2 protein chains.
Amino acid sequence: MARAKKIPSTTVSRLSVYVRALQKLRNEAVVTTSSEKLAEQVGLTAAQIRKDLAYFGQFGVPGRGYYVENLHNELAMILGINRRWEVALAGVGHLGYALLAYNGFKKQGFDVVVAFDKDPAKIGQTWEGVKIYDIAEARHVLPECGAEIGIIAVPAASAQEACDALVAGGLKSILSFAPGRIIVPPDVTVKRVELAMELEWLSYYATNIGERG
Amino acid sequence: MARAKKIPSTTVSRLSVYVRALQKLRNEAVVTTSSEKLAEQVGLTAAQIRKDLAYFGQFGVPGRGYYVENLHNELAMILGINRRWEVALAGVGHLGYALLAYNGFKKQGFDVVVAFDKDPAKIGQTWEGVKIYDIAEARHVLPECGAEIGIIAVPAASAQEACDALVAGGLKSILSFAPGRIIVPPDVTVKRVELAMELEWLSYYATNIGERG
DNA sequence: GGGAATATGTGAAAAAGTTATCAAATAACC
DNA sequence: GGTTATTTGATAACTTTTTCACATATTCCC
């Protein structure tokens with residue numbers, strides 16, 4: 001992989017959007033598409049799409065466009081989703097359970113294979129086919145189960161502790177639903193999703209009508 | 001509100017971060033802080049924070065910094081979160097139920113007051129104190145219950161239908177957890193959170209180690 | 001009250017990201 | 001096989017966002 005330039009994080013996010021759009025086209029047995037049509041489909045500009053793809057190589061055919069299946073495969077490979085990922089879940093409260101049972105993850109190749117919690121009443125149980133361990137055991141359990149991605153769905157107050165446990169177990173990629181900053185070693189990537197924050201964003205635009213471009 | 005310039009969406013998102021940080025400081029009875037200290041706390045640069053605040057006015061005291069409580073109140077007012085918001089939820093599956101039971105929303109002043117679903121087995125029931133109506137009834141139910149923000153937690157295939165129903169009920173601000181684009185009238189704001197997409201982002205960085213700035 | 005220290009707010013510079021433009025490449029058609 | 005119509009990929013122009021740097025304002029202390 002001889003890519004030199006660093007890729008904007010916004011481009012990576014849009015890659016997911018393209019993959020989703022291409023999946024849809026493939027299901028509809030569409031063979032080719034174009035940056036113009038894709039742009040229309042996902043609500044971006046054609047130039048944006050071509051620019052994004054250009055970071056990674058040349059996938060199109062001038063005069064013709066892109067072969068749906070080919071481009072889908074290429075992008076899936078770039079994103080690293082042409083495989084199955086095993087996921088560890090920390091926190092089996094309401095949100096954690098919802099994530100455990102969420103079909104959208106499995107459909108995209110992300111499989112929760114192990115869960116952790118602090119609650120003795122939950123430890124040892126099996127939910128949705130996933131066994132729940134004591135979070136304190138993560139450092140021992142994780143290396144044996146192959147999970148590479150962690151999801152933190154514990155209350156903010158326990159988030160750092162949960163994260164430390166996952167990192168101690170060897171995870172380097174973590175998706176956190178807990179509000180607030182989490183400190184991790186430099187080789188660990190944390191992506192945060194703060195649900196209340198998304199609502200606050202809406203609140204802002206609802207309060208200040210018309211401020212949006 | 002005599003703001004002329006339009007505010008970057010990234011700035012609005014960071015406002016939420018600042019509010020959260022200030023809440024924490026307030027709980028710790030800290031009276032003043034500075035852009036430098038806040039920056040350290042949230043993991044941004046001091047200049048960034050000052051620039052963000054500058055869009056909205058002058059809140060600091062040169063030589064002293066910011067009064068925690070004052071700045072918190074100002075930002076909460078700007079974000080429109082110095083009040084209670086009533087929220088309508090579409091889709092009471094696993095994810096929907098988790099959101100219904102999620103404390104983080106209520107703590108920040110977002111209260112789910114009504115829910116909708118298509119499943120006859122759920123319609124008419126009351127979960128977590130919230131009554132579930134037929135989504136088809138949204139246009140009649142919503143105007144009576146005062147909800148201003150909608151959350152879509154239905155499968156992708158029903159997302160457009162659910163959104164249409166919420167919009168028909170008068171909602172202008174919608175948070176969608178469904179993958180894919182949703183078409184709405186221009187005066188309706190949709191914020192999307194795609195959980196699988198966040199994992200794909202992690203997958204990318206896990207696959208292409210060291211590509212991150 | 002005056003002087004030193006501190007931290008803001010802002011304008012200018014730099015960096016990053018997006019959009020527009022166009023030459024080059026390919027396909028479709030006659 | 002040559003001509004026309006498409007559509008890419010790349011470069012350039014533009015816009016937005018972030019960082020830098022410093023004059024200005026305020027506090028604190030003597």
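Owing to the predicted nature of the structure, the values given are computational and were not obtained by experimental measurement.
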Pairs under 3.5 angstrom only: tabulate donor-acceptor contacts from the side chains of residues 66-75 of chain A to other protein residues two or more places apart or in another chain.
| from | atom 1 | to | atom 2 | distance (Å) |
| --- | --- | --- | --- | --- |
| A:Tyr67 | OH | A:Arg64 | NE | 3.3 |
| A:Asn73 | ND2 | A:Glu69 | O | 3.4 |

Looking at every strand, decide which applies to A:Thr11 at a 4.0 Å heavy-atom threshold: base, sugar-phosphate, or nothing. nothing
Quickly work out the [X] [atom1] to [N] [atom2] distance and round it to whole Å.
{"X": "A:Asp52", "N": "C:dG17", "atom1": "CG", "atom2": "C1'", "result": "10 Å"}
{"X": "B:Leu71", "N": "C:dA7", "atom1": "CG", "atom2": "C1'", "result": "14 Å"}
{"X": "B:Ile49", "N": "C:dT10", "atom1": "CD1", "atom2": "C1'", "result": "17 Å"}
{"X": "A:Lys51", "N": "C:dG17", "atom1": "NZ", "atom2": "C1'", "result": "9 Å"}
{"X": "A:Leu44", "N": "C:dA20", "atom1": "CG", "atom2": "C1'", "result": "16 Å"}
{"X": "B:Gln48", "N": "C:dG9", "atom1": "CD", "atom2": "P", "result": "15 Å"}

All salt bridge (charged side-chain N to carboxylate O under 4.0 Å, His left out) counterparts of [X], not counting sequence neighbours:
{"X": "B:Lys191", "value": "A:Glu198"}
{"X": "A:Glu144", "value": "none"}
{"X": "B:Arg50", "value": "none"}

How does each nucleotide of nucleotides 21-30 of chain C score, in 5' to 3' order, for protein heavy atoms under 4.0 Å: base (B), sugar-phosphate only (S), or none (-)? B---BBSS--
For B:Tyr102, ring pair (Phe, Tyr, Trp, His ring centres under 6.0 Å) partners two or more places apart: B:Phe105
[X] side chain N/O closer than 4.0 Å to the phosphate oxygens (OP1, OP2) of [N]?
{"X": "A:Tyr55", "N": "C:dT18", "answer": "no"}
{"X": "B:Gln58", "N": "C:dT10", "answer": "yes"}
{"X": "A:Thr45", "N": "C:dT19", "answer": "yes"}

List for me each residue that meets side-chain hydrogen bond (donor to acceptor under 3.5 Å, both in side chains) alongside B:Ser34, sequence neighbours excluded, and say none if there are none.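 Expected list: none.
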Please name all residues satisfying side-chain contact (heavy atoms from CB on, under 4.5 Å) with A:Pro8, sequence neighbours left out, ordered by chain then number. A:Thr10, A:Thr11, A:Tyr55
According to side-chain contact (heavy atoms from CB on, under 4.5 Å), who are the partners of B:His94, at least two apart in sequence or on a separate chain? A:Tyr97, A:Ala98, A:Ala101
Show me the donor-acceptor pairs, under 3.5 Å and distance only, between side chains in residues 165-181 of chain B and residues at least two apart or in other chains.
| from | atom 1 | to | atom 2 | distance (Å) |
| --- | --- | --- | --- | --- |
| B:Lys172 | NZ | B:Asp187 | OD2 | 3.4 |
| B:Ser176 | OG | B:Ala178 | N | 3.1 |
| B:Arg181 | NH1 | A:Glu40 | O | 2.8 |

Start and end of the DNA chain D segment that chain A contacts, any atom under 4.0 Å from a heavy atom: D:dT6 to D:dA12
Just checking, any donor-acceptor pair under 3.5 angstrom between side chains of A:Asp52 and A:Tyr18?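 Checked: A:Asp52/A:Tyr18 side chains pair up, N/O donor to acceptor below 3.5 Å.
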In terms of side-chain heavy atoms, does B:Gln23 have a donor or acceptor partner in B:Asn27 at a distance below 3.5 Å? no
Want to settle it: does A:Pro8 or B:Phe59 sit nearer the 5' end of DNA chain C, counting the closest nucleotide to each? B:Phe59
Specify the residues of residues 12-26 of chain B, ordered by number, for which at least one heavy atom lies under 4.0 angstrom from an atom of DNA chain C.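 Per residue number, the list is empty: none.
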